[in-house]
Protein chains: 2
Amino acid sequence: MRPAAPATIKDVARLAGCGIATASRVLNKSGPASTEMRERVERAARDLGFNFNAAGRALQSRKSMTIGCLVPSLANPVFAEAVQGVQSELLGSGYQLLISCSNYDDDADNAAITTLLENNVDGIIATMVAPNRSTALMQTKQRDIPVSLMFHDPIDGMVTAYVDNFVAAAEVARRFAAFGHTRVGFLALRFSTSDRSRNRYAGFYKQCRTSGLAQPSLIEISEEDAHHPERLAAILASYPDVTALFASNDFLAIAVQKATRHLGWQVPQDLSVVGFDGIEVGRLLETPLSTIETSPEAMGRQAAQSLLNALQGLGLKQRPPLPFSFREGETLAAPNPKRTDDDRVAAQPSSVHPAQDQNQSRTNP
Amino acid sequence: MRPAAPATIKDVARLAGCGIATASRVLNKSGPASTEMRERVERAARDLGFNFNAAGRALQSRKSMTIGCLVPSLANPVFAEAVQGVQSELLGSGYQLLISCSNYDDDADNAAITTLLENNVDGIIATMVAPNRSTALMQTKQRDIPVSLMFHDPIDGMVTAYVDNFVAAAEVARRFAAFGHTRVGFLALRFSTSDRSRNRYAGFYKQCRTSGLAQPSLIEISEEDAHHPERLAAILASYPDVTALFASNDFLAIAVQKATRHLGWQVPQDLSVVGFDGIEVGRLLETPLSTIETSPEAMGRQAAQSLLNALQGLGLKQRPPLPFSFREGETLAAPNPKRTDDDRVAAQPSSVHPAQDQNQSRTNP
DNA sequence: TATGTAAATGGAAACGTTTCCAATGAGACA
DNA sequence: TGTCTCATTGGAAACGTTTCCATTTACATA
């Protein structure tokens with residue numbers, strides 16, 4: 001037998017012996033109905049296994065009951081957890097989650113937003129490469145579709161769920177100073193395309209100066225470098241005077257720990273490392289990672305809450321930044337006075353990082 | 001000014017000076033049209049910034065161009081990566097991804113499937129607690145909606161993208177035997193609710209017997225235990241004769257490494273540990289994890305491919321299991337002959353795991 | 001020129017829902 | 001009994017699209 005077409009509200013009305021309008025009112029509890037009619041309709045719906053057809057509803061009500069969510073990648077647990085947070089916040093709300101990933105690509109970002117818009121999403125939650133200059137995002141204003149960002153610091157009056165990257169990064173500089181470090185560095189992966197990374201550097205830089213540290217070295221590396229400990233080791237070796245490194249995310253910080261072993265350095269004796277994000281695995285390392293602990297899930301939840309409020313007509317309101325905390329870990333300590341720079345330079349591998357010069361760029365914020 | 005209602009195909013037709021049907025044919029390239037008409041319509045569409053309305057389309061065509069995806073949780077990178085694989089495979093296909101998470105809850109699983117069905121998804125990709133006895137999943141048959149599972153071994157003729165857990169786990173037993181271990185254990189988190197975990201144990205158990213090892217100890221722990229190294233340590237200490245442990249996933253294996261430090265044991269000298277999944281962070285540990293390496297992303301891709309094929313009317317076909325490999329790592333070695341059991345027992349902390357008895361259950365597959 | 005064929009085109013129905021509005025009926029009050 | 005109210009109820013339009021089918025047009029052939 002061929003798949004029986006699902007029952008429609010018409011079928012329910014016919015079985016209940018009433019008009020379609022009445023059936024709709026009963027099933028939606030959206031209007032008056034006698035007790036008897038109510039019972040007849042509900043019974044009919046139950047008997048037929050009736051379910052609303054979302055398309056019909058969406059067409060008529062001009063609401064898709066769907067929320068679009070765009071993140072760079074789900075392979076990054078930070079974003080995956082955020083989406084998880086969004087998802088769980090949306091759970092009882094009746095809204096469904098439409099997902100898109102950009103793989104950190106600006107064009108893909110815009111294409112994804114456009115697609116979401118074509119799918120009539122009622123709202124959008126996004127983390128993008130450049131939300132401030134996304135043409136696609138402009139259209140949301142025109143169409144009056146609320147947008148709630150995640151991770152981004154506030155820009156252009158867009159509402160966002162975030163931790164204050166500037167302030168958090170400054171905290172790291174303060175800790176470095178407290179331990180007596182003077183030459184420090186900032187390690188970033190996608191510095192040019194990540195406003196978060198740039199804000200972290202800015203806050204770090206500012207506080208370094210305030211605390212009397214030397215201007216921090218900005219070390220930008222490629223994905224390739226990050227995945228090859230020996231390459232990363234060579235890069236690190238080319239900054240022999242840096243005694244503490246702030247990595248713009250935990251994965252980078254973990255990669256640094258791994259790379260230092262290639263150099264025969266000890267963390268934190270020879271090099272202190274602090275990460276950002278506070279991913280769970282950082283705790284499990286033999287030397288637990290010192291890091292800025294954030295809650296991506298909370299960001300997802302807050303973004304979802306803001307959006308739901310807006311969708312209820314309560315307005316889209318910016319909330320204060322989410323809290324972060326410094327997780328002590330064991331990768332931050334005072335610089336080792338016994339080891340001289342020469343010792344460390346001597347331990348450096350013979351192969352020098354080929355792109356070393358480019359990577360030594362020291363940019364001001 | 002209030003948000004301008006988006007242009008409809010009617011507007012396009014009017015501006016192009018043709019019938020709606022013609023406009024539709026041109027825009028969809030679904031029928032004949034003169035070159036001149038084609039130009040007029042396309043120009044009108046461009047000028048109006050026309051986009052199809054998904055709801056109207058879905059209603060008429062009875063296709064939502066939407067695929068539902070249900071996973072236990074996105075906080076687990078294994079599933080997050082799988083979804084990422086699904087997502088990227090779907091990218092150019094015109095299908096959108098609707099996401100749901102069950103948090104490993106059977107009822108939530110069924111509720112989620114029902115919701116997806118109500119949203120008229122054209123197909124479903126899922127990893128569930130118990131797909132074989134999901135009543136909601138039955139409905140997909142009735143409505144002729146293709147379903148493609150991920151991670152599950154084949155059951156009930158359902159199509160699934162998976163690695164052969166039984167065979168992969170047997171490989172671990174073989175490696176244990178090759179290194180000369182005789183007393184081994186299997187550590188599981190959600191043994192009773194995870195068919196994957198059970199299949200891994202079954203394969204492991206079988207091969208242990210075949211290779212002449214003692215019957216492996218089945219050690220089932222709670223989420224709580226896994227997060228508290230001292231608790232896990234106490235549990236491990238209660239299996240003093242076990243020299244090699246197969247953890248049913250990498251996180252557990254990493255937790256074990258961490259817990260052993262509480263006992264003063266060295267991995268792999270005092271205890272060999274092998275994980276399952278092959279998550280990236282395993283590589284970054286000071287002692288890189290030995291594990292069965294799989295590709296969740298590939299599973300997601302394959303599941304999506306199968307579904308897309310089915311959606312094109314090519315039929316839903318089971319494909320052979322995806323490959324896995326044994327990642328050497330450094331947490332598997334020969335048992336240390338110098339350390340006696342007594343030594344190790346002596347190192348065990350005084351506090352004994354309270355639920356120890358229950359956890360010592362040794363079940364046959 | 002008349003006829004036939006194929007290509008191009010448009011009208012209109014249908015998809016499933018919500019909701020406006022008019023119609024019905026019952027009870028209350030004078 | 002006759003009006004008036006108010007609660008129920010149902011008809012029908014509208015949402016934006018696709019597609020069947022009929023009509024028109026152009027052109028080639030007899």
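Hydrogens, waters and symmetry mates play no part in the numbers below; they use all other heavy atoms, side chains included. Below, read A as the first sequence line, B as the second, and so on, with proteins coming before strands; counting in each chain starts at 1.
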Identify each atom pair where a protein N or O and an N or O of nucleotides 22-25 of chain C are less than 3.5 Å apart, giving names and distance.
none

Original post:
Closer than 4.0 Å, any side-chain N/O of B/S24 to the OP1 or OP2 of D/dT17?
Top reply: no

Original post:
Taking CD1 from B/I9 and P from C/dG10, how many angstroms apart are they, rounded to a whole number?
Top reply: 12 Å

Original post:
Quick one: are B/I113 and B/V147 in side-chain contact, heavy atoms under 4.5 Å?
Top reply: no

Original post:
What's the CD-P distance between A/E118 and D/dG16, to the nearest Å?
Top reply: 15 Å

**OP:** Check the side chains of A/N199 and A/D153 for a donor-acceptor pair under 3.5 angstrom, ignoring hydrogens and angles.
**Re:** yes

Subject >> Short N-O contact, B/E36 and B/R40, less than 4.0 angstrom >> reply: yes

Original post:
Looking just at side-chain N and O atoms, do B/S102 and B/D109 make a donor-acceptor pair shorter than 3.5 Å?
Top reply: yes

**OP:** Describe, as an angle rounded to 10 degrees, how the axis at the first end of the helix from C/dT1-D/dA30 to C/dA30-D/dT1 is tilted relative to the axis at the last end, five pairs per end.
**Re:** 60°

Original post:
What pairs of residues pass the side chain to side chain donor-acceptor pair (under 3.5 Å) test when at least one of them lies in residues 308-320 of chain A, not counting sequence neighbours?
Top reply: A/Q305-A/R319

Subject >> With A/D106 via salt bridge (Lys or Arg N to Asp or Glu O under 4.0 Å) - residues at least two apart >> reply: A/R133

Original post:
Charged N to carboxylate O under 4.0 angstrom, B/E42 versus B/R38?
Top reply: no

Subject >> Protein-nucleotide distance (B/M65, atom CE; D/dT17, atom P), rounded to Å >> reply: 15 Å

**OP:** Would you mind building the protein contact string for nucleotides 20-25 of chain D? One character per nucleotide, 5' to 3', B for base within reach (heavy atoms under 4.0 Å), S for sugar-phosphate only, - for untouched.
**Re:** ------

**OP:** Would you please say whether a donor-acceptor pair under 3.5 Å links the side chains of A/N103 and B/Q84?
**Re:** yes

Original post:
Over how many whole Å does the gap from B/K29 atom NZ to D/dT18 atom C1' extend?
Top reply: 16 Å

Atom pairs, N/O to N/O, protein against nucleotides 13-15 of chain D, distance under 3.5 Å?
{"from": "D/dA14", "atom 1": "N3", "to": "A/Q60", "atom 2": "OE1", "distance (Å)": "3.4"}
{"from": "D/dC15", "atom 1": "O3'", "to": "A/R62", "atom 2": "NH2", "distance (Å)": "3.4"}
{"from": "D/dC15", "atom 1": "O2", "to": "A/Q60", "atom 2": "N", "distance (Å)": "3.3"}

**OP:** Flag the pair A/I20 / A/R14 as yes when at least one side-chain heavy-atom distance between them is below 4.5 Å, and no otherwise.
**Re:** no

**OP:** Counting heavy atoms from C-beta on, name the nucleotide in C/dT17, C/dG10, D/dT19 closest to the side chain of B/M37.
**Re:** C/dG10

**OP:** For D/dT8, take OP1 and OP2 only and decide whether either is under 4.0 Å from a side-chain N or O of A/S34.
**Re:** no

**OP:** Compute whether any side-chain donor of one residue and acceptor of the other, for B/R57 and B/N28, lie under 3.5 angstrom apart.
**Re:** yes

Subject >> A/Q96 side chain to A/D122 side chain, donor-acceptor N/O pair below 3.5 angstrom >> reply: no

Subject >> Donor-acceptor under 3.5 Å (B/N110 side chain, B/S134 main chain) >> reply: no

Subject >> Nearest-Å distance for atom pair CZ/C1', residues A/R38 and D/dT9 >> reply: 13 Å

Original post:
Taking atom C1' of C/dG16 as reference, at what distance in whole Å does atom CG of B/N119 sit?
Top reply: 14 Å

Original post:
Roughly, in whole Å, what's the span from CD1 in B/I20 to P in D/dG16?
Top reply: 11 Å

Subject >> Minimum-distance nucleotide (side-chain atoms of B/F52 versus D/dT18, C/dG10, D/dT9) >> reply: D/dT18

Subject >> Atom-to-atom span, CZ of A/R14 to P of D/dG10 - whole angstrom >> reply: 14 Å

Original post:
Does A/N51 or B/R40 map to a spot on DNA chain C nearer the 5' end, using the closest nucleotide for each?
Top reply: B/R40

Subject >> Validation row: B/V78, B/F151 side chains within 4.5 angstrom (heavy atoms) >> reply: yes

**OP:** Please figure out whether A/N28 or B/T22 has its closest DNA chain C nucleotide nearer the 5' end.
**Re:** B/T22

Original post:
In terms of side-chain geometry, is the basic nitrogen of A/D195 or A/R198 positioned less than 4.0 Å from the acidic oxygen of its partner?
Top reply: no

